[in-house]
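To start, I am sharing the structure in question, which I have written as structure tokens.
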Amino acid sequence: MAVHVHKPYQPDLHRYQSYIHRIYESGWLTNNGPLVQELERRLCDYLGVRNVVAVANGTLALMIAFQALEIRNEVITTPFSFVATTSSLVWNGLKPVFADIDSKTLNINSEEIERNISRNTSAIVPVHVFGNACEVETIEEIALRYNIKVVYDAAHCFDIKYRDKSLLKYGDASAISFHATKLFHTIEGGAIITDDDDLANRVRKMINFGITGPDRVGLLGINAKMNEFEAAMGLSNLDEIDIILGKREEVYDRYMEGLKNLVEMPKQNEHSTNNYSYFPVILRDEDTVLRLQKTLNEQDIFPRRYFYPSLDELEYVERDTICPVSRDISRRIMCLPMYPGLLDNSQNTIIDTLRKTIGKV
Ligand SMILES: *Cc1c(COP(=O)(O)O)cnc(C)c1O
């Protein structure tokens with residue numbers, strides 16, 4: 001069987017069925033149903049955050065956060081991320097201004113943020129890449145000084161703690177993804193997470209067309225609701241979250257054992273925990289990446305070039321900022337298959353192939 005970079009976690013079928021059974025009993029399929037509400041409550045507890053508003057996907061979580069915070073004009077963001085970080089800005093009519101990344105952590109470089117601030121800047125949208133915390137205190141300080149908003153793309157940050165509390169508590173809001181390939185998933189889904197109750201209330205109306213009462217539409221909204229079947233999957237996965245995390249850690253440790261000292265990896269923020277959601281390796285050049293990819297593909301193993309291309313190279317963005325560090329890293333990085341239940345056999349093949357490929361000059 002082919003091995004891909006991710007494999008969606010499938011919780012116990014009977015467990016999922018018992019939640020589905022409740023949907024059939026209530027007849028409530030969507031529109032803030034009982035399972036969505038239960039999922040939001042349990043996620044608040046589990047993550048240690050104040051408000052979780054479940055939505056249809058992580059991209060909409062970003063787009064709605066930008067709308068709800070009235071972000072306009074220019075937004076400083078990172079070029080090293082999944083395309084949704086930038087496309088969600090452009091789709092909202094905002095102009096992404098790319099601040100280059102730190103070559104070691106792969107997160108947005110705080111000095112570059114400040115260098116790119118103009119009078120049109122209204123927000124910063126950093127990404128905690130691969131769940132590794134950004135320099136959140138420095139970013140907060142910059143945002144306060146220039147009176148601009150911060151929305152974190154926290155798509156990779158389920159269960160990450162920073163200085164012993166949830167990383168999701170930083171910024172005006174965090175957007176998380178619960179896509180099937182993420183550590184915790186609801187098939188498709190995501191959430192807006194914020195300590196600001198007013199913001200959470202506004203977001204709740206926005207995700208349901210801006211409806212604020214019977215026969216009343218009080219603000220511009222969209223349809224971004226999570227449905228009950230997705231919430232059922234989320235609740236099932238949350239029931240099994242310790243298994244998911246434990247199995248990921250095993251896979252991670254085994255890679256570390258086989259690959260330590262052989263490959264460069266992003267430098268971990270010392271105050272941030274790791275949720276083992278990705279296993280990125282930084283290789284010496286793009287040619288090595290392509291050779292490795294080809295050799296693995298021939299063995300039915302499909303790592304992914306996360307994140308390539310660097311988003312400052314996108315066709316649809318104005319190319320007035322060039323980010324050499326991000327461009328260099330994005331050509332040399334690859335994420336190895338990483339999911340609970342990755343077979344030892346497959347993992348040994350991946351490790352052996354890496355050892356051979358990297359050994360060859
Ligand atoms: C997955 C991801 C998204 C998008 O989330 P979806 O739920 O797939 O819409 C956004 N940003 C980053 C960094 C991601 O990895």
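Just follow the structure's listing: the first ligand is 1, and inside any ligand the first atom is 1.
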Problem set entry | S326 and S310 side chains, donor-acceptor separation under 3.5 Å |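 Indeed, the side chains of S310 and S326 share at least one donor-acceptor pair under 3.5 Å.
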Exercise. Is F307 in polar range of ligand 1, meaning some N or O pair under 3.5 Å apart?
Worked result: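 By distance alone, the answer is no.
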Problem set entry | Within the 6.0 Å centroid threshold, strictly below: Y278 and H6 |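 Under 6.0 Å, so yes.
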Problem set entry | Of the listed options L60, T86, T59, V129, closest to atom 4 (C) of ligand 1 (non-hydrogen atoms) |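 Of the listed residues, T59 has the closest heavy atom.
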Exercise. Side chains of Q299 and T349: donor-acceptor distance under 3.5 Å anywhere?
Worked result: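 On atom types as modelled, these side chains do not qualify, holding no pair under 3.5 Å.
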Exercise. Which of the numbered atoms in ligand 1 are below 4.0 angstrom from a heavy atom of F82?
Worked result: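 Per the distance check, 2 (C), 3 (C), 12 (C), 13 (C), 14 (C), 15 (O).
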Problem set entry | Parallel, tilted or perpendicular: rings of F82 and F307 (30°, 60°) |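 Plane angle between 30° and 60°, so tilted.
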Exercise. Who's the nearest protein heavy-atom neighbour of atom 12 (C) of ligand 1, and how far?
Worked result: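 Ranking protein heavy atoms by distance from atom 12 (C) of ligand 1, first comes A155 CB, 3.3 Å.
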Problem set entry | Element-labelled atoms of ligand 1 that are located less than 4.0 Å from some non-hydrogen atom of K182 |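 So the atoms of ligand 1 that pass are 1 (C), 2 (C), 14 (C), 15 (O).
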Exercise. For ligand 1, which atoms have a heavy atom of S81 less than 4.0 angstrom away?
Worked result: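 Checking each atom against S81, I get 13 (C).
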Exercise. What class does the angle between the rings of F80 and F130 fall in, given that below 30° is parallel, 30 to 60° is tilted and above 60° is perpendicular?
Worked result: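 Correct class here is perpendicular.
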Exercise. Strictly by modelled atom types, are E114 and Y146 linked by a side-chain donor-acceptor pair under 3.5 Å?
Worked result: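 Short answer, yes.
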For this session: List every atom of ligand 1 that sits less than 4.0 Å from any heavy atom of G189, numbering the atoms from 1 in the order shown and giving each element.
Result: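 Heavy-atom distances to G189 below 4.0 Å select 7 (O).
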For this session: Specify side chain, backbone, both or neither for H156, according to which of its non-hydrogen atoms lie closer than 4.0 Å to ligand 1.
Result: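 It is the side chain that touches ligand 1; the backbone stays farther off.
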Problem set entry | From CA spacing to verdict: side-chain hydrogen bond (donor to acceptor under 3.5 Å, both in side chains), D285, T288 | CA-CA 6 Å; D285 51 28; T288 309; 2.5 Å; yes
For this session: Heavy-atom distances under 4.0 Å are what count here, so tell me which part of D153 touches ligand 1: side chain, backbone, both or neither.
Result: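 Side chain only.
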